[in-house]
Amino acid sequence: MSGSLWLTPPGTGGPGGSGSPGGFGGTGSDTLTRVPKAPRRRPAWAVAADPVDELTTRLEDVIAQAVHADEIAAVLESDGMTDDHIRLTYGRQDSFALAEDLYARVERRYPEPAGPPTDPWHTRLGGCLLRGLVFALPGLAYVIGAPLLAGPPGGFGLPAGTVPLLAGAIAGWVWNQALSHRAYAWLGLGDRAAAARTLLAGAPLGALIGALVAVGAAQPGQWGAVAFAAGQSLYLAAATVLLVLDREKALFGALLPLTAGALPVLWTAPPLPVRTGLLLLSLAAAMGLAARALAVETAPGAPGGLGAPGGGAGASTGARAVPRLTASLPYGLFGLGTGLLVLYTAIGDVLAYGPAAAVAAPSAVALTLSMGPAEWLLYRFRSESLAGLRAARSAGAFRRATGGTLVLCLGGYLTVLLVLAAAGTALIPGAPPLGGLRLVTLLLIGAVLWTALLLQSFGAVTGAAAVCALAAAAQTGALAAGAGDPRTVGVCVAGAAAAVLAVLCGVLLGRATAHRY
C-alpha cells in the first residue's frame, strides 16, 4: 500500500492557506483603495450640490474599475463610513445601497497598466513535479520492507501489519498538517527562527505520537509492522521540516537510496538485512538533513534567526502578532479527511482484488504523484483568475470567466490523474485492472482532493476540511459495519463530497472580493 508523504503546505511557499502571495489566503496587507479627501466646504451662499454626486466625482476612478458594487462598499467601509453617517449625509440606507447607486452612475473602464502586468502566482512546473516525487517515493519503502510486515492477517480483511501502519500514518498526517501550517504562519510573519523553533519542538513530538498510535493499534505478532510504523513516523517528521523550510532537493536526495534499492527488489529477493539497511539509510539521511536545516535556521546571526536584526523571539512575540494555535486545527482535520480518502482508494483495491493489491495500488500511487501537477494547476487557477479580474467588465462576466478556468484546471488535473493511474496499472506487476467502479472512484476522489485544496488555498479551509472529514467518517463507518460493497460506498461518498465542494467553489470563487489577495 502506498505510504507516501502527502503534505501540501498550507502557507507561504506553497498553495494552501495563509500568506501572500507565496501562500493563499487572507493574511496579506490591506489593498483597499482609500477614499479621496472631500473638497473644501462650499460657502453658505453657494447652491447646494447633491452629496452623492460629489462622492461620485471623488470616487470615479475607483467606481469605474469595480467589478461589483460590493467592492465599492468595501472601500466605503474601510474609510470609516458608518451606516448612520451614510443615512444622514447621503440619504441611503447603508453602505451597500450607496455602493449600488455609485456603481450605476459610472461606466466601467479599466486603465491600462504602465508596464506589463505582474503575476504573483506564476510558478515553475519543475518545482511542483519535484514535490510530487517526494510525496510519492516514500511508498517504495513498503515494497522494500514487505518482509517486516509478515504476520497474521489484520482486521477488516486487510493484509498483515496494515492496521498499525495506517494508524501511525494517519496520526502523522493530522499532526504534521497542523504543524506545517503553524510554521508557515510564522514564515508569513517573516520570522524564520520562530518557524524553525516550532518545527524543532513539534516534529519530534509528532513522531512520538505516530509511533504510540501504531503500538496501540497493533496485535500480537505485529511488532515488525510496529517498528516499520515508528520509522515511518520519524520520516514524516523529518520530511515536514525539510518541506516547510524549502529543502525539497535535499529530501529528494535522501530518498535516492530507497529509490535505487527498490529496483532490484522487484526482480530479486535480497535478504532482510539488506532491505533493512536501505530503509535505515534513507531514514537517517532525511533525519540528518532535517536536523542540519533546523540548526542553520536557528543559529545566531542567521537571516531571521536568533541575534539577527529584527529576528528572534523578541521580534516574534513583541510588535508582531503571534499566530493563534486554534488556526491550525482545521488543517489537521483537513489532513485527517484527505489522508483517509487517499488510503481508502488503496483499501478498496485490496478488498476487491486481494492482498496482492496492497503493494501494487496504482490508485493511491497516482493520487500521490498527481499532487505535483495539482499544485501547479492551483497556481494556474490563481493566475488566470487574476487575469480575468483585470479583463472582466461586469460581475457576471467575471463569474463566467472564473467558472471556465475552474473547469479547465480541474479537467486538466483529472486527465493527469487518469494518465498516471493507467501507467501504474500497466507497469506495476499484479496491479488490479483500471475500469468500472475503480476508475469512477479514483476520478471522484481526485475531484474532491483538488477542489478541497483549491478552497483551502482561498482560506476556506474549515468548509473543505469538514466535507472531507465527513466523507471519510461515512466511509469508515460503512467499512466497519460491512455495509455493502466498499467500492459502491466509495463512489456514493466521493460523489456527494465532490458535488458539495463544487457548489462551495462556485459560491466562493465567483465573487471578485475572494480574489483580492
Side-chain angles (χ1 to χ4, degrees), residues 18 20-21 24-121 319 321 382 384-403 458-460 504 506-517:
S18 61
S20 175
F24 303 157
T27 62
S29 59
D30 184 14
T31 60
L32 292 175
T33 305
R34 294 298 178 189
V35 176
K37 292 183 178 180
R40 295 177 60 185
R41 184 179 299 274
R42 292 171 176 267
W45 47 265
V47 178
D50 183 354
V52 178
D53 285 340
E54 291 185 349
L55 185 61
T56 303
T57 302
R58 289 162 50 198
L59 286 178
E60 183 173 2
D61 290 338
V62 175
I63 300 169
Q65 298 178 47
V67 175
H68 192 276
D70 287 353
E71 291 189 63
I72 305 171
V75 172
L76 297 175
E77 291 174 359
S78 71
D79 198 57
M81 289 192 186
T82 65
D83 289 344
D84 289 338
H85 171 76
I86 290 172
R87 281 192 290 270
L88 291 173
T89 306
Y90 301 104
R92 304 300 187 271
Q93 183 65 27
D94 51 31
S95 60
F96 293 98
L98 179 58
E100 291 284 356
D101 194 349
L102 295 173
Y103 186 79
R105 290 172 179 241
V106 179
E107 183 181 358
R108 305 300 103 219
R109 66 176 183 271
Y110 302 87
E112 293 296 328
T118 59
D119 185 359
W121 303 110
R382 297 302 300 261
E384 294 299 325
S385 297
L386 183 61
L389 191 60
R390 293 192 182 106
R393 295 296 186 268
S394 67
F398 176 72
R399 283 195 297 270
R400 289 190 294 272
T402 303
F458 278 88
L504 291 177
V507 171
L508 173 66
L509 305 182
R511 300 201 309 261
T513 51
H515 301 258
R516 297 192 68 88
Y517 299 102

Exercise for review: Can you measure from CG (Asp101) to CD (Gln93) and round to the nearest 0.5 angstrom?
Suggested key: 13.5 Å
Practice item. Kindly indicate whether the side chain of Phe458, heavy atoms from C-beta on, has any atom under 4.5 Å from the side chain of Arg382. Key: yes
Study note, to complete from the structure: dist Ser95:OG -> His85:NE2 (nearest 0.5 Å) comes out at 11.5 Å
Practice item. Heavy atoms only: give me the nearest Thr89-Pro51 pair and the separation to one decimal. Key: O-CG, 3.2 Å
Practice item. Determine the minimum heavy-atom distance between Ala99 and Ala73, stating which atoms define it. Key: CB-N, 3.6 Å
Exercise for review: Evaluate the criterion side chain to side chain contact (heavy atoms under 4.5 Å, CB included) for residue pair Arg92 and Val52; output intermediate values, then yes/no.
Suggested key: CA-CA 10 Å; Arg92 304 300 187 271; Val52 178; 3.7 Å; yes
Check your understanding: Taking Tyr103 for the side chain and Glu71 for the main chain, is one N or O donor matched with an acceptor at less than 3.5 Å?
Key -> no
Point to revise | Lys/Arg N to Asp/Glu carboxylate O, Arg511 vs Asp70, below 4.0 Å | key: no
Check your understanding: So Ser385 and Leu509, side chain to side chain contact (heavy atoms under 4.5 Å, CB included) or not? Walk me through it.
Key -> CA-CA 9 Å; Ser385 297; Leu509 305 182; over 6 Å; no
Exercise for review: Give the intermediate values and the outcome of side chain to side chain contact (heavy atoms under 4.5 Å, CB included) for residues Leu55 and Leu98.
Suggested key: CA-CA 10 Å; Leu55 185 61; Leu98 179 58; 3.8 Å; yes
Exercise for review: Walk me through it: do Tyr90 and Met81 pass the test side chain to side chain contact (heavy atoms under 4.5 Å, CB included)?
Suggested key: CA-CA 11 Å; Tyr90 301 104; Met81 289 192 186; 4.1 Å; yes
**Study point:** Pairing of Arg105 and Asp53 as salt bridge, 4.0 angstrom limit
**Key:** yes
Check your understanding: Got a second to check how far Leu102's CG is from Ile72's CD1, nearest 0.5 Å?
Key -> 6.0 Å
**Study point:** Within-4.5 Å side-chain heavy-atom neighbours: Thr56 and Glu60
**Key:** no
